[in-house]
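Remember, predicted model here, so these are calculated numbers, not experimental data.
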Amino acid sequence: MHKILKDDFFERSTLSVAHELLGKYLCRKRGRGVEAFMITEVEAYDGPHDRASHASRGKTARNAPMFGGAGVWYVYLVYGMHWMLNIVTGGEDYPAAVLIRGIEGIEGPARLTKALGVGKRFNGKQASRAVGLWIEDRGERVPASRIARTPRIGVDYAGEWAKKPYRFMISERSERRGRSERRRKNFLSLL
DNA sequence: ACGATGATGAAC
DNA sequence: TTCATCATCGTA
């Protein structure tokens, strides 16, 4: 069962959408082929008062997609070099979106956009097969016991909002973690 | 721990 | 018209 997610899936509470996006598939059509990756990590940016959200300073040319209808891509550049991929949630005029931070085999919001060739041309476009970038429900369910919630990454400036557990991820089994990744983690923990 | 690298938004 | 600030990543 490969069911393309429509507006109605995204036109709901941002936290629900974020939670339920885990286990869904991010799909990209390039040339004749379609690549599909399970979504493993997301963050919710919820409403005009969320100080970690671009929308917290009101509507601007950049964040306009967040204020529009649900199911639309919001793609923007950070640090002058990285594209971030978000899907707009909630109703019209309620600014909210879910940032896709990781997919199967590719951790990191900038890495996945690079790997899939996602850039600003998707900004403001409805997620759909016609556009070449969409999300599918393939009937796989992630057990609640494997879903972890933590505060969002890189939003320390956001005061109380920085502490909210708006990051959702599929927790990995430590046995399956490769030696190199474990070494890298140990190394980073020294910093 | 830091530099790369450029758009954005706010101050002036 | 500047200027500080980034929803990051790779390298040391």
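Contact annotation for A:Ala52: base contact, defined as any heavy-atom pair under 4.0 Å involving a base atom.
Counting Ile, Leu, Val, Met, Phe, Trp and Tyr side chains that sit under 4.5 Å apart, directly or through other members, A:Tyr94 stands alone, with no cluster partners.
Atom NE2 in A:His82 sits roughly 16 Å away from atom P in C:dC6 (whole-Å rounding).
Grouping the Ile, Leu, Val, Met, Phe, Trp and Tyr side chains by contacts below 4.5 angstrom, directly or via other members, places A:Phe122 apart from A:Phe67. Linking ILVMFWY residues whenever their side-chain heavy atoms come closer than 4.5 Å, directly or via other members, places A:Ile100 and A:Val131 in the same cluster.
With a 3.5 Å limit on both pairing distances and Watson-Crick or G-U wobble geometry required, the stems of 3 or more pairs in DNA chain B span B:1-4 with C:8-11, B:6-11 with C:1-6.
At a cut-off of 3.5 Å, with distance as the only test, no side-chain donor of A:Glu104 or A:Tyr25 sits close to an acceptor on the other residue.
Atom OG1 of A:Thr89 and atom CZ of A:Phe9 lie 10.5 Å apart (nearest 0.5 Å).
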query: Can you give one letter per nucleotide of nucleotides 6-12 of chain B, going 5' to 3': B for a protein heavy atom under 4.0 Å from the base, S for sugar-phosphate only, - for none?
result: B-SSS--

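When the side chain to side chain contact (heavy atoms under 4.5 Å, CB included) test is applied to A:Ala70, the partners found at least two apart in sequence or on another chain are A:Phe10, A:Glu11. Scored by the side chain to side chain contact (heavy atoms under 4.5 Å, CB included) test, A:Lys29 finds A:Val34, A:Arg129, A:Trp134 as partners (sequence neighbours excluded). A:Tyr76 pairs by the ring pair (Phe, Tyr, Trp, His ring centres under 6.0 Å) definition with A:His54, A:Tyr74, not counting sequence neighbours. For A:Glu41, the side chain to side chain contact (heavy atoms under 4.5 Å, CB included) partners two or more places apart in sequence, or in a different chain, are A:Arg101, A:Arg167, A:Met169. Applying the side chain to side chain donor-acceptor pair (under 3.5 Å) rule to A:Asn86 yields no partners; only residues at least two apart in sequence or on another chain are considered.
Contact check on A:Glu35 versus A:Arg30 returns a salt bridge, with a Lys/Arg side-chain nitrogen under 4.0 Å from an Asp/Glu carboxylate oxygen. The pair A:Glu140-A:Arg138 fails the salt-bridge criterion, with no side-chain N (NZ, NE, NH1 or NH2) lying under 4.0 Å from an Asp/Glu carboxylate O. Note on A:Arg152 versus A:Asp50: salt bridge recorded, some NZ/NE/NH1/NH2 to OD/OE distance being below 4.0 Å.
In this structure the side chain of A:Thr113 never reaches within 4.5 angstrom of the side chain of A:Val75, judged on heavy atoms.
Within a 6.0 Å sphere centred on CD of A:Glu92, heavy atoms belonging to other residues, nucleotides or ligands number more than 12.
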- request: Apply side-chain contact (heavy atoms from CB on, under 4.5 Å) to the pair A:Lys59 and A:Asn63, showing each step before the final yes or no.
  value: CA-CA 6 Å; A:Lys59 188 175 179 178; A:Asn63 65 24; 4.1 Å; yes

- request: Step by step, work out the side-chain contact (heavy atoms from CB on, under 4.5 Å) result for A:Asp137 and A:Met1.
  value: CA-CA 8 Å; A:Asp137 182 350; A:Met1 167 179 100; 4.1 Å; yes

Atom pairs, N/O to N/O, protein against nucleotides 3-5 of chain C, distance under 3.5 Å?
none

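Rounded to a whole angstrom, the distance from the P atom of B:dG3 to that of C:dA4 is 16 Å.
Near DNA chain C, defined here as any heavy-atom distance below 4.0 Å, the residues from residues 83-93 of chain A are A:Met84, A:Asn86, listed numerically. Near DNA chain C, meaning a heavy atom under 4.0 Å away, the residues from residues 97-104 of chain A are A:Leu99, A:Arg101. Residues from residues 158-167 of chain A that place a heavy atom under 4.0 Å from any atom of DNA chain B: there are none.
For the side chain to side chain contact (heavy atoms under 4.5 Å, CB included) with A:Val98, the lone residue among A:Val88, A:Leu85, A:Val17 that qualifies is A:Val17.
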